[in-house]
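Input: a single structure, listed below in structure tokens.
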Amino acid sequence: MERLKLFDKVLIANRGEIAVRIIKACQELGIKTVAIYSDVDKDAPHVHLSDEAINLGDPTPIESYLNIAKIIKIAKKAGVDAIHPGYGFLAENPDFAKSCEDSNIKFIGPTPKVIGLMGDKIVAKKTMQKAGVPVIPGYHGPKQDNNTLMKAGKKIGFPLLVKAAAGGGGKGMHIVDSEKNLKEAIESSKRESKSSFGDDTVFLEKYLDKPRHIEFQILADEHKKVIHLFERECSIQRRHQKIIEETPSIIMNQDLRNKMGEAAVKAAKAVGYTNAGTVEFMVDGKLNFYFMEMNTRLQVEHPITELTTGIDLAKWQIKIASGEKLTLKQNDITQRGHAIECRIYAENPENGFLPSIGTLKKVEAPNGPNIRDDTGIYSGMKVTPYYDPMLSKLITYAENRSENIDKMIWALSHYVVLGVTTNIPFLKRVLENEEFKKGNTTTHFIDNYFKDWTVTKKGLPIDAIISLAVYDSMHKKTQDTVRYKEADPHSPWRHLGRWRVGREVKK
Ligand code: MV4
């Protein structure tokens, strides 16, 4: 088949691991890359990997990675054909996609119109309902007076959820278990939504029992062809932040997979979707599934789909944006084995999981068969308060779920990050949990099993204490006596500190 010319030069409007991921995709395709970076990112990996790197100045997001005018100006000056937005920042900003279009630069993603449509949760739901994609029963109407909402609530029945239309991340969300609490919940939700989002529109939904977050990856070319690349289960979240994703989902069967895949393709076709996207569903305890929203970007968790299908999503995004036809056929796409992703964050469990800021004294990623580390960090790098504290994504692949869980536990145990506190011990505990192993991974998993997860130093799991101790030993000149009585003999850090397992050690 005749191949269209791909772009000559692409600007990556992002930072961290995703900028690195996209640069690598461009390099494989023979495309030149332009990185942008704020002052605190001048030594970041994406800056070194790209062919050109242009400074954005002040590190505050508004002045750097969120600054449309600055980025467009740089893109024009560098003479790029296209911009890849990554995820976060401007990835789902229709104004940015439009500014690219107006400057004759291809935005690697869907059209501004589709981004805008999916960005409005109510419009998106209505569009999907019309297209015949199941949505959660509820009230998503424009009338917002108490009378209308109370009536709608009674009709839906209890328990129900009051959600902020503008919200995400569970803000303004209230579970109501009986009619007598409805009015108060509506009023609280409106108040919170107004103060958080400047908009007090709410909607009401039947509260789903034992819900799971299961999303479908789709690819759509600019010639009306749409395919799906199966599911990812992302139910393991902490405060609405995904931390572990896996595919295939343990509850999936071939019939449900086909139905949900078809619904995802239908959703994309209904809006004339182009490029890579994700259709999010909630699946209840009885395997009913409902459209939640569509993400119009490459997602953080895309690697698990890449490992189980063998398809490079970042490269396809670029090929599709350059006008290439999808050569993949739905029936040729297969899912093989099992993949898990763990998001490694610099956050401090001693301090309510707040971002842990500091210099990464030592970074050593695990390595081995079917272990992938998508990272934007290196030894000596500073973790600043300006951006999301995700350090890297550890992804493993194995023949089946149970072997893969063991592989991921091994990989996490051999991931050394010293200098800041990370959630690695927490991730390990989740993977070791019997209910996780059994696949009882509803969206309430973390609340159910890790609600009181140690937030005090005293209660920290031993490997967290060890990593802190190693850090201390590398930095304190004092001859402290440290006691690590229950030290884990299998800890990867055991050789690094001047201490011994199960003994009192003088340094
Ligand atoms: C729900 C739900 C149960 N029933 N909607 C949380 C934030 C937003 N993305 C939607 N969320 C939920 N909506 C109905 N009708 C349970 C959740 C939910 C959740 C969803 C996905 C991932 C993690 C979650 C954690 C708690 C609650």
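Just follow the structure's listing: the first ligand is 1, and inside any ligand the first atom is 1. Both backbone and side-chain heavy atoms feed into the values below; hydrogens, waters and symmetry mates do not.
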Note every protein N or O atom lying under 3.5 Å from an N or O atom of ligand 1, pairing the names and giving the distance.
| unit_1 | atom_1 | unit_2 | atom_2 | d |
| --- | --- | --- | --- | --- |
| ligand 1 | 4 (N) | Leu208 | N | 2.9 |
| ligand 1 | 5 (N) | Lys163 | NZ | 3.0 |
| ligand 1 | 13 (N) | Lys163 | NZ | 3.1 |
| ligand 1 | 15 (N) | Glu205 | OE1 | 3.1 |
| ligand 1 | 15 (N) | Lys206 | O | 2.7 |

(request) Give the ring-plane orientation class for Trp410 versus His414, where under 30° counts as parallel, over 60° as perpendicular and anything between as tilted. (result)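 Plane angle under 30°, so parallel.
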
(request) Fit a plane to each ring of Tyr207 and His444, take the angle between them on a 0 to 90° scale, and name the class: parallel (under 30°), tilted (30 to 60°) or perpendicular (over 60°). (result) tilted

(request) Could you tell me whether a side-chain N or O of Gln237 sits under 3.5 Å from a main-chain N or O of Thr443, the two making a donor and an acceptor? (result)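 Checking the backbone N and O of Thr443 against the side chain of Gln237, no donor-acceptor pair under 3.5 Å is found.
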
(message) Tell me whether the NZ or CZ atom of Arg238 lies within the 45° cone about the ring axis of Phe353 and under 6.0 Å from its centre.
(response)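 Yes - Arg238 lies over the ring of Phe353, closer than 6.0 Å to its centre and within 45° of its axis.
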
(request) Could you verify whether a donor N or O on one side chain and an acceptor N or O on the other, from Glu17 and Ser392, lie under 3.5 Å apart? (result)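 The answer is no; no qualifying pair exists.
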
(message) Run the side-chain hydrogen bond (donor to acceptor under 3.5 Å, both in side chains) test on Tyr387 and Ser38 for me, step by step, so that the C-alpha distance in whole Å, both residues' side-chain angles and the decisive distance to 0.1 Å come before the verdict.
(response) CA-CA 11 Å; Tyr387 314 113; Ser38 74; 2.6 Å; yes

